[in-house]
Peer 1: 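One structure, as structure tokens, below. Some questions next.
Positions are given from 1 along the sequence.
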Amino acid sequence: MDKLMFVQTGMGIDVHGQNVTHASVRAIQNAINSNSMPGIRESLPEGDLDNMKVHVKLAIPTDLDNLDEEEVKKAIPYGQVTVEKVQGGMMTTSGIELSDKGDKNDQMYLVNAAVEVGY
């Protein structure tokens, strides 16, 4: 990315199921869902949203290798998306293990996201 224009941050949780992809998608949605970038087209090369570059950095507490990066990329509606995983986030008890929700234990996963937008 040559020109960084916006950085949006968010947090996502998977309370049951211990799925880092679910928590990561929720973190991205939290970062971008309350933002609007009405002037972005005028700033992008050729005024084309496909020329937007989006770098998603995810702080994941565990199971980094289980992240489905293609599923994560689908959470970004436009542009060329790259994903970076780093150790971080948090695991803590949900207070209950629910086998019908796919729980392997009582842990919930919290993921932090930084979504960088530019070109």
Peer 1: Quick test of your reading: applying side chain to side chain donor-acceptor pair (under 3.5 Å), list the pairs with at least one residue in residues 5-18, sequence neighbours left out, ordered by first then second residue.
Peer 2: Asp14-Arg26, His16-Asp103, Gln18-Asp103, Gln18-Asn105

Peer 1: Identify whether Ile13 and Val86 are in the same connected component of the hydrophobic contact network (ILVMFWY, side-chain heavy atoms under 4.5 Å).
Peer 2: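 No, because Ile13 and Val86 fall into different hydrophobic clusters, even though each may have its own neighbours under 4.5 Å.
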
Peer 1: Check whether Leu64 and Leu110 end up in the same hydrophobic cluster, where Ile, Leu, Val, Met, Phe, Trp and Tyr are linked by side-chain heavy atoms less than 4.5 Å apart.
Peer 2: no

Peer 1: Quick one: side chains of residues 56-63, donor-acceptor pairs under 3.5 Å with protein atoms, not counting sequence neighbours, listed by atom name and distance.
Peer 2:
{"from": "Asp63", "atom 1": "OD2", "to": "Tyr109", "atom 2": "OH", "distance (Å)": "3.2"}

Peer 1: Not counting sequence neighbours, which residues clear side-chain contact (heavy atoms from CB on, under 4.5 Å) with Leu49? List them please.
Peer 2: Ile40, Arg41, Leu44, Tyr78

Peer 1: Can I get a per-line list of side-chain donor-acceptor pairs under 3.5 Å for residues 66-76, giving both atom names and the distance, sequence neighbours left out?
Peer 2:
{"from": "Asp68", "atom 1": "OD1", "to": "Glu70", "atom 2": "N", "distance (Å)": "3.2"}
{"from": "Asp68", "atom 1": "OD1", "to": "Glu71", "atom 2": "N", "distance (Å)": "3.1"}

Peer 1: Under the side chain to side chain donor-acceptor pair (under 3.5 Å) rule, collect the residues that match up with Asn35, sequence neighbours excluded.
Peer 2: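 Not a single residue meets the side chain to side chain donor-acceptor pair (under 3.5 Å) criterion with Asn35.
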
Peer 1: With ILVMFWY side chains joined below 4.5 Å, transitively, what does Leu98's cluster contain besides itself?
Peer 2: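 Taking Ile, Leu, Val, Met, Phe, Trp and Tyr as members, Leu98 shares its hydrophobic cluster with Ile96.
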
Peer 1: Are Met108 and Met91 connected, step by step, through hydrophobic side chains (Ile, Leu, Val, Met, Phe, Trp, Tyr) whose heavy atoms are closer than 4.5 Å?
Peer 2: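 Per the 4.5 Å side-chain linkage, Met108 and Met91 are not co-clustered.
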
Peer 1: Can you list everything that forms a side-chain contact (heavy atoms from CB on, under 4.5 Å) with Ser43? Sequence neighbours excluded, please.
Peer 2: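 Expected list: Met5.
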
Peer 1: Same hydrophobic cluster for Met90 and Val15, using side-chain heavy-atom links shorter than 4.5 Å among ILVMFWY?
Peer 2: yes

Peer 1: Which residue pairs pass the salt bridge (charged side-chain N to carboxylate O under 4.0 Å, His left out) test with at least one member in residues 87-99, sequence neighbours excluded?
Peer 2: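 Counting only pairs at least two positions apart or across chains, no salt bridge (charged side-chain N to carboxylate O under 4.0 Å, His left out) contact touches residues 87-99.
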
Peer 1: List, by chain and then residue number, the residues other than Val7 in its hydrophobic cluster (Ile/Leu/Val/Met/Phe/Trp/Tyr, side-chain heavy atoms under 4.5 Å); write none if there are no others.
Peer 2: Met1, Leu4

Peer 1: Look only at the side chain of Asn30 and the backbone of Met11, and say whether a donor-acceptor pair between them is shorter than 3.5 Å.
Peer 2: yes

Peer 1: Only pairs at least two apart or in different chains count here, so list each side chain to side chain donor-acceptor pair (under 3.5 Å) that has a residue in residues 83-95.
Peer 2: His55-Glu84, Thr93-Asp106

Peer 1: Applying side-chain contact (heavy atoms from CB on, under 4.5 Å), can you list everything that pairs with Glu42, at least two apart in sequence or on another chain?
Peer 2: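 Partners of Glu42 by the side-chain contact (heavy atoms from CB on, under 4.5 Å) criterion come out as none, since no residue qualifies.
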
Peer 1: Determine all donor-acceptor pairs shorter than 3.5 Å in which one atom belongs to a side chain in residues 111-119; sequence neighbours excluded.
Peer 2:
none

